[in-house]
Peer 1: 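Okay, here's the structure, questions in a sec.
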Amino acid sequence: AHRPADHPPPRAGIGTAFLAMSGVILSLLTDHAVGTYSFFLGLILASAVVLFLEIRSLRAATLAYLVVGTGAGFLLAGLGHLDVGHSLPVLFLTGMVALCAMILPGISGAYMTLVLNQYEFMLAALRALSLPEIFAYIAGGATGLLLFTRGLKYLLRTYPGAMLALLTGLMLGSARMLWEKGSLAGDMVAGGWVFFLAGLVVVGAVEYLKRRYAGSGA
């Protein structure tokens with residue numbers, strides 16, 4: 001019989017892969033910032049378009065929510081320029097926002113962590129297995145899910161057009177942060193357009209496959 005050590009459990013392999021991936025992303029953000037942020041920018045703008053197309057009927061009020069969301073996202077992206085630090089309460093609140101974002105269509109928790117200027121710090125914390133920071137982030141996420149999940153689902157179910165427009169605006173406005181962070185490292189137009197297009201293509205391909213699969217399964 002083989003010893004247990006000869007066959008490590010799958011979750012150990014997943015954890016190792018996740019930690020290795022965090023190192024890769026940190027390296028890309030450090031050494032290839034223009035390309036990485038351009039790729040993220042393509043992803044988020046294409047996702048915003050896909051989300052906006054989910055709105056069934058466009059009304060003046062819906063467009064107003066889009067404008068409000070864009071303004072709010074633009075201001076939120078400015079938080080990346082504030083030195084709010086990486087204290088445990090800040091990480092707790094970041095986890096709360098990020099995990100709530102995961103139940104919303106079109107918005108990822110990783111992206112909200114990036115907008116709140118905690119993404120690189122949390123990747124480094126995961127790679128170093130810094131437990132206080134990791135636990136603070138997870139505890140915030142669990143608290144956010146417990147407190148806000150039902151409310152967010154109710155709003156999406158009751159006011160789908162307004163919520164989708166608001167979320168689309170948040171994504172468009174917060175893209176400011178990706179552009180500004182990438183611009184600090186170099187020319188986002190000359191050095192990043194290929195990666196930006198790649199981000200658009202990735203979202204387009206995923207959406208195409210989703211629709212094709214859904215159509216074939218009907």
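Predicted model, so just to flag it, every value in this text is computed and none were measured. Residue numbers start at 1 and run along the sequence shown. Side-chain atoms are counted along with the backbone in the values below, which use heavy atoms only and exclude waters and symmetry mates.
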Peer 1: Taking side chain to side chain contact (heavy atoms under 4.5 Å, CB included) as the criterion, tell me which of Thr94, Leu88, Leu93 meets it with Val90.
Peer 2: Thr94
Peer 1: If you measure from CE on Met188 to CG on Leu178, what distance do you get to the nearest 0.5 Å?
Peer 2: 7.0 Å
Peer 1: May I ask you to decide whether Glu120 forms a salt bridge with Arg127, counting only side-chain N to carboxylate O separations under 4.0 Å?
Peer 2: no
Peer 1: Rounded to the nearest 0.5 Å, how far apart are OG1 of Thr158 and CG of Leu155?
Peer 2: 7.0 Å
Peer 1: Using 30° and 60° as the class limits, which term best fits the ring planes of Phe121 and His86: parallel, tilted or perpendicular?
Peer 2: parallel
Peer 1: Looking only at non-hydrogen atoms, find the nearest pair between Gly42 and Leu200 and report the distance.
Peer 2: O-CD2, 3.4 Å
Peer 1: Run the side-chain contact (heavy atoms from CB on, under 4.5 Å) test on Leu116 and Val97 for me, step by step, so that the C-alpha distance in whole Å, both residues' side-chain angles and the decisive distance to 0.1 Å come before the verdict.
Peer 2: CA-CA 9 Å; Leu116 294 173; Val97 172; 4.1 Å; yes
Peer 1: Are the side chain of Ser47 and the backbone N or O of Leu43 linked by a donor-acceptor pair below 3.5 Å?
Peer 2: yes
Peer 1: Holding to ring-ring contact (aromatic ring centres under 6.0 Å, His included), I want the full list of residues that pass it with His32, two or more places apart in sequence or in another chain.
Peer 2: none
Peer 1: Show, in sequence, the C-alpha distance, side-chain angles and deciding distance for Leu45 and Val203, and conclude whether the side-chain contact (heavy atoms from CB on, under 4.5 Å) test is met.
Peer 2: CA-CA 9 Å; Leu45 291 182; Val203 174; over 6 Å; no
Peer 1: Less than 4.5 Å apart, any side-chain heavy atom of Lys181 and any of Asn117?
Peer 2: yes
Peer 1: Can you give me the closest heavy-atom contact between Glu133 and Met122, atom names plus distance?
Peer 2: O-CE, 4.1 Å
Peer 1: Tell me the closest heavy-atom pair linking Thr62 and Gly161, and the distance in Å.
Peer 2: CG2-O, 3.8 Å
Peer 1: According to a 4.5 Å side-chain heavy-atom criterion applied to Ile, Leu, Val, Met, Phe, Trp and Tyr, with indirect links allowed, do Phe74 and Leu51 form part of one hydrophobic cluster?
Peer 2: no
Peer 1: Does Thr36 reach the main-chain N or O of Leu28 with its side chain, forming a donor-acceptor pair under 3.5 Å?
Peer 2: yes
Peer 1: Work out which heavy atom in Leu91 is nearest to a heavy atom in Gln118; give both atom names and the distance.
Peer 2: CD2-OE1, 3.4 Å
Peer 1: OG of Ser38 to CZ of Phe195: how many Å apart, nearest 0.5 Å?
Peer 2: 7.5 Å
Peer 1: Less than 4.5 Å apart, side chain to side chain, heavy atoms only: is that true for Thr143 and Phe92?
Peer 2: yes
Peer 1: Measuring from atom NZ of Lys153 to atom CZ of Phe148, what distance do you get when rounded to the nearest 0.5 angstrom?
Peer 2: 15.0 Å
Peer 1: Identify the heavy atoms of Ala125 and Ile134 that sit nearest to each other, and give their distance.
Peer 2: O-CD1, 3.8 Å
Peer 1: Do Leu53 and Val202 sit in the same hydrophobic cluster, where Ile, Leu, Val, Met, Phe, Trp and Tyr count as joined when their side-chain heavy atoms come under 4.5 Å apart?
Peer 2: no
Peer 1: Are Trp179 and Trp193 linked, directly or through other ILVMFWY residues, by side chains that come within less than 4.5 angstrom of each other?
Peer 2: yes
Peer 1: Side chains of Tyr65 and Thr168: do they bring a donor and an acceptor to under 3.5 Å?
Peer 2: no
Peer 1: Distance from Ile138 atom CD1 to Leu131 atom CG, nearest 0.5 Å?
Peer 2: 9.5 Å
Peer 1: Are side-chain heavy atoms of Phe40 and Leu29 found at a separation under 4.5 Å?
Peer 2: yes
Peer 1: Can a side-chain donor-acceptor contact be found between Glu180 and Ser183 if the only test is distance below 3.5 angstrom?
Peer 2: no
Peer 1: Could you state the interatomic distance from CG (Leu41) to CZ (Phe196), rounded to the nearest 0.5 Å?
Peer 2: 5.0 Å
Peer 1: Are Leu197 and Phe39 connected in a single hydrophobic cluster, I mean Ile/Leu/Val/Met/Phe/Trp/Tyr linked by side-chain heavy atoms less than 4.5 Å apart?
Peer 2: yes
Peer 1: Walk me through it: do Tyr37 and Val34 pass the test side-chain contact (heavy atoms from CB on, under 4.5 Å)?
Peer 2: CA-CA 5 Å; Tyr37 282 117; Val34 170; over 6 Å; no
Peer 1: Quick check on side chain to side chain contact (heavy atoms under 4.5 Å, CB included): which of Leu147, Leu152, Thr149 does Cys100 satisfy it with?
Peer 2: Leu152
Peer 1: For the side chain of Ser174 and the backbone of Met171, is there at least one donor-acceptor N/O pair under 3.5 Å apart?
Peer 2: yes
Peer 1: Where do Phe52 and Leu58 come nearest, in terms of heavy atoms and distance?
Peer 2: CZ-CD2, 3.6 Å
Peer 1: Between the side chains of Tyr208 and Arg212, does any donor sit under 3.5 Å from an acceptor?
Peer 2: yes
